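Numbers restart at 1 for each chain; the letters A, B, ... are given by sequence-line order, proteins then strands. Note that the coordinates shown come from a computational prediction; the quantities given were computed from them, not determined experimentally.
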Amino acid sequence: MNTTIREWLAMESACDAVVVQGWVRTRRDSKAFSFLELNDGSCLRNLQCVVDAGVPGYDRIAECTTGAAVRVEGRLVASPGGAQKWEVRATALELVGGADETFPLQKKGHTPEFLRTVAHLRPRTNLYGSIFRVRSRLSYAVHRFFQERGFFHVHTPILTASDCEGAGEMFRVTTLPAGEDDFAKDFFARQAFLTVSGQLEGETFATALGRIYTFGPTFRAENSNTTRHAAEFWMIEPEMAFCDLAGDMETAEAQVKYLARAMLEESPEELEFLNKFVDKGLRERLEFVAGRPFERLPYAEAVDILQRSGRTFEYPVEYGQNLQSEHERWLTEEHCRCPVTVFDYPKEIKPFYMRLNDDGRTVAAMDLLVPGIGEIVGGSQREERLDVLRANMARHHLSEESYWWYVDLRRYGSVPHAGYGLGFERLLMLVTGVSNIRDVIPFARTPGHCEF
RNA sequence: UCCUGAGUAGCUCAGCGGCAGAGCGGGUGGCUGUUAACCACUAGGUCGUAGGUUCGAACCCUACCUCAGGAGCCA
């Protein structure tokens with residue numbers, strides 16, 4: 001494999017024989033030579049190549065325009081210019097793949113809205129290149145966090161017949177011809193869907209391997225048009241046997257802190273760039289998130305605080321109702337001024353699998369709210385008592401037969417256990433400062449959008 | 001899905017009832033160890049679509065389409 005620009009730029013000393021392959025970001029011509037700035041995606045920075053007019057291949061310099069792919073051979077030398085440590089003195093230039101004047105990415109800044117229309121090219125920009133390098137490193141950090149703590153990665157199915165109730169509308173998967181709905185003749189001989197959560201399957205493995213997590217694509221057919229919803233997104237779902245709500249909240253908080261720290265330590269160049277051009281408060285916020293304990297509030301107390309806040313909200317705060325976005329934002333952005341975990345919600349507004357608390361009115365649920373984004377984690381201790389679970393299912397009008405294997409977990413060696421879902425894209429929004437979910441996923445799927 | 005706003009050159013926008021504009025990008029020429037290079041010249045438009053009002057519409061009205069932001073749902 002070729003040496004990357006990231007590697008060349010990290011060299012300790014000059015080098016006589018280098019080969020650089022990348023895409024031209026900008027070219028500046030002189031009479032007798034040209035400056036070519038190349039980027040190969042390995043890092044944010046470009047490598048400046050100086051190509052003298054006599055160098056083999058210089059006859060095609062006019063075609064080495066922004067976006068063109070080129071290969072440069074030469075010597076790595078200290079750069080006399082102030083802006084960079086190293087540059088390449090070219091001894092040969094090869095145009096690998098040209099890019100004519102219709103190439104959409106100009107040298108100037110573009111809006112995210114325009115770049116979404118050229119999603120196949122946008123990773124070649126500084127912003128999206130940064131975002132997707134960060135995405136990769138954070139994905140790795142997610143696995144590291146769990147693996148360091150004895151969690152096993154479980155690949156839960158993407159095609160599923162089970163509905164993780166409360167998670168949202170599902171995409172149906174079928175091989176039946178249009179218009180037919182005899183599910184007995186369908187591929188799986190029953191209705192099948194794309195998963196909205198690996199939780200139910202995850203619980204089966206938690207009660208076998210102890211600590212597990214899933215990290216994969218998740219699908220919601222909601223007609224949501226917001227900056228923080230996508231129809232296809234990646235969710236991290238740990239599930240822990242012998243764990244209660246307190247342990248659940250501790251793990252979620254530790255994980256968000258771990259990932260904020262990972263961003264600070266492992267993507268310094270991208271962080272600097274994002275802090276400068278996307279969100280000037282980013283670094284400060286990440287230090288804060290990584291360094292200080294989060295706030296924890298029982299739902300009832302949160303409602304009380306909101307009611308006494310003196311603020312007039314568009315929607316009134318009422319015990320027994322879901323907290324509105326404006327309420328969550330006020331709590332995390334203005335009252336606590338830090339991430340806050342709200343727990344012990346009224347049972348009426350939460351799904352059947354959440355564990356009933358001793359008060360008989362609330363369930364051991366928790367939502368982790370962060371400034372600017374809102375809910376980033378949703379989780380709970382699961383109901384492990386067979387009779388209580390069955391009563392919950394009856395109350396939610398769910399048939400026990402269709403969840404028979406889930407109920408079985410409460411028949412055989414049932415244990416207290418808990419877990420949560422962490423939205424990977426929302427986490428990326430938090431650590432990059434990017435305010436729209438469509439800009440932190442390579443190819444966003446939202447209502448009406450499935451191009452690319 | 002609901003509410004609000006916006007659609008004018010490749011991109012970002014100005015023009016808000018009387019000849020279609022700028023910056024950037026593109027092309028051509030010049031200049032310079034340059035670095036969002038610089039200077040000059042130049043090409044580039046069905047003003048989102050369809051209707052309406054008016055002597056006259058990019059501009060006012062209606063509908064639709066698209067995009068964005070907010071809401072709901074949630075991760």
Under 4.0 Å between any heavy atoms, over every strand shown, what does A/Glu113 touch: base, sugar-phosphate, or nothing? Just pick one.
sugar-phosphate

Does B/rC11 have OP1 or OP2 under 4.0 Å away from a side-chain N or O of A/Lys107?
no

Using a 4.0 Å heavy-atom cut-off, does A/Phe103 contact any base of the nucleic acid, only the sugar-phosphate backbone, or nothing at all?
nothing

Phosphate oxygens OP1/OP2 of B/rC31: is one of them under 4.0 Å from a side-chain N or O of A/Lys31?
yes

Sugar-phosphate, base or nothing in reach of A/Thr117, heavy atoms under 4.0 Å
nothing

Which part of the nucleic acid, if any, lies within contact of A/His110, taking any heavy atom under 4.0 Å across all strands shown: a base, the sugar-phosphate backbone alone, or nothing?
sugar-phosphate

Nearest-neighbour nucleotide for the A/His229 side chain, B/rG72, B/rC24, B/rC31 considered
B/rG72

C1'-based separation of B/rC60 from B/rC38 [nearest Å]:
45 Å

Any luck finding a side-chain donor-acceptor pair between A/Asn357 and A/Thr362 under 3.5 Å?
yes

Distance between the P atoms of B/rG18 and B/rC59, in whole angstroms?
11 Å

For the side chain of A/Glu314 and the base of B/rG70, is some donor closer than 3.5 Å to an acceptor across the two?
no

With a non-hydrogen cut-off below 4.0 angstrom, is A/Leu427 in contact with a base, only sugar-phosphate, or nothing?
nothing

Taking only the C1' atom of each, what is the distance from B/rU8 to B/rG45 in whole angstrom?
8 Å

Any strand, both distances under 3.5 Å, Watson-Crick or G-U wobble: B/rU28 pairs with B/rA40

So, does the side chain of A/Gln324 form a donor-acceptor pair with the base of B/rG72 at under 3.5 Å?
no

Considering every strand and a 4.0 Å limit on heavy-atom distances, what is the contact class for A/Glu232: base, sugar-phosphate, or nothing?
nothing

Nearest to side-chain heavy atoms of A/Ala230, which nucleotide of B/rG72, B/rU34, B/rA75
B/rA75

As a test of reading the structure: which of B/rA36, B/rA71, B/rU34 is closest to the side chain of A/Arg329, going by heavy atoms?
B/rA71

Nearest listed nucleotide, side chain of A/Arg28, among B/rA75, B/rA71, B/rA37:
B/rA37

Would you indicate what A/Glu237 reaches in the nucleic acid, counting non-hydrogen atoms under 4.0 angstrom: base, sugar-phosphate, or nothing?
nothing

On the side chain of A/Arg27, is there an atom forming a donor-acceptor pair with the base of B/rG25 - under 3.5 Å, no angle test?
no

Quick one: does A/Ser224 reach the base of B/rC73 with a side-chain donor-acceptor pair under 3.5 Å?
yes

Testing the 3.5 Å rule here: is there a donor-acceptor pair between the side chains of A/Glu266 and A/Tyr140?
no

Using the side-chain heavy atoms of A/Thr111, tell me which of these nucleotides is nearest: B/rA68, B/rG69, B/rU12.
B/rU12

Closest approach to the side chain of A/Glu37, judged atom by atom: which nucleotide of B/rA71, B/rG33, B/rU35 is it?
B/rU35

Watson-Crick or G-U counterpart of B/rU53, or none if no pair lies under 3.5 Å:
none

Using atom C1' in both nucleotides, what's the gap between B/rG21 and B/rU28 to the nearest angstrom?
23 Å

Counting side-chain heavy atoms from C-beta on, which of B/rU32, B/rC11, B/rU35 comes nearest to A/Gln106?
B/rC11

Starting at the 5' end of RNA chain B and moving along, which residue's nearest nucleotide shows up first, A/Asn225 or A/Thr65?
A/Asn225

Quote, to the nearest angstrom, the C1' distance that separates B/rG72 from B/rU54.
43 Å

Can you list every pair that meets side-chain hydrogen bond (donor to acceptor under 3.5 Å, both in side chains) and has a residue in residues 43-60 of chain A, with sequence neighbours left out?
A/Arg28-A/Gln48, A/Ser34-A/Tyr58, A/Glu37-A/Asn46, A/Asn39-A/Asn46, A/Arg45-A/Glu269, A/Gln48-A/Glu87, A/Asp52-A/Arg89, A/Arg60-A/Glu63

How is A/Arg25 classified with respect to the nucleic acid when contacts are heavy atoms under 4.0 Å: base, sugar-phosphate, or nothing?
nothing

Base, sugar-phosphate, or nothing: which does A/Phe114 touch, judged by heavy atoms less than 4.0 Å apart?
sugar-phosphate

For side chain to side chain donor-acceptor pair (under 3.5 Å), just list the numbers for A/Gln321 and A/Tyr315, CA-CA rounded to whole Å, side-chain angles, deciding distance to a tenth of an Å, and then say yes or no.
CA-CA 10 Å; A/Gln321 299 291 306; A/Tyr315 296 89; over 6 Å; no

d(NZ, A/Lys85; C1', B/rU35) in whole Å
19 Å

Give A/Gly421 one of three labels, base, sugar-phosphate or nothing, depending on what nucleic acid heavy atoms sit under 4.0 Å from its own.
sugar-phosphate

In whole angstroms, how far is the C1' atom of B/rA75 from the CG atom of A/Asp248?
14 Å

Could you check whether A/Pro104 gets within reach of a base, just the sugar-phosphate, or nothing at all, counting any heavy atom under 4.0 Å?
nothing

Pairing check on B/rC13: which nucleotide meets the Watson-Crick or G-U wobble criteria with it, both distances under 3.5 Å?
B/rG21

With sugar-phosphate meaning primed atoms plus P, OP1 and OP2, does A/Arg438 contact a base, only sugar-phosphate, or nothing at under 4.0 Å between heavy atoms?
sugar-phosphate

Kindly confirm or rule out a cation-pi arrangement of A/Arg149 over A/Phe145, judged by NZ or CZ under 6.0 Å from the six-membered ring centre and within 45° of its axis?
yes

Audit row: A/Thr204, A/Glu201, side chain to side chain donor-acceptor pair (under 3.5 Å) steps and yes/no:
CA-CA 5 Å; A/Thr204 70; A/Glu201 288 91 348; over 6 Å; no

Aro-ring/base stack A/Phe233-B/rA75, d under 5.5 Å, angle under 30°:
yes

Under 3.5 Å side-chain donor-acceptor pair for A/Glu237 and A/Ser197
yes

Round to a whole Å and report the spacing from CD of A/Glu328 to P of B/rA75.
11 Å

Contact class for A/Arg228 (heavy atom, under 4.0 Å): base, sugar-phosphate, or nothing?
base

Considering only heavy side-chain atoms of A/Met235, the closest of B/rU32, B/rA75, B/rU34 is B/rA75

Which is it for A/Tyr258 and A/Glu148 under the side chain to side chain donor-acceptor pair (under 3.5 Å) test, yes or no, and what are the steps along the way?
CA-CA 12 Å; A/Tyr258 183 97; A/Glu148 284 170 356; 3.2 Å; yes

Report yes or no: do A/Ser325 and A/Glu328 form a side-chain donor-acceptor pair below 3.5 Å?
no

Re B/rC67: Watson-Crick or G-U wobble partner, both distances kept under 3.5 Å, found to be B/rG5

Closest-nucleotide ordering on RNA chain B, the 5'-leading residue of A/Arg116 and A/Arg426:
A/Arg116

Select one nucleotide: of B/rG69, B/rU35, B/rG33, the one nearest the side-chain heavy atoms of A/Thr227.
B/rG69

Rounded to the nearest angstrom, tell me the gap between atom CG in A/Leu428 and atom C1' in B/rA75.
12 Å

Of the listed B/rC74, B/rU35, B/rA71, the closest approach to the A/Tyr315 side chain comes from B/rA71

Sticking with atom P, work out how far B/rU32 lies from B/rC19, rounded to a whole angstrom.
44 Å

What does A/Asn436 touch in the nucleic acid at a heavy-atom separation under 4.0 angstrom: a base, only the sugar-phosphate, or nothing?
sugar-phosphate

Classify the side chain of A/Asp29 versus the base of B/rU34 as yes if they form a donor-acceptor pair under 3.5 Å and no if they do not.
no

Test side-chain contact (heavy atoms from CB on, under 4.5 Å), reference A/Val18, set A/Leu47, A/Val88, A/Thr91, A/Thr3, output is A/Val88

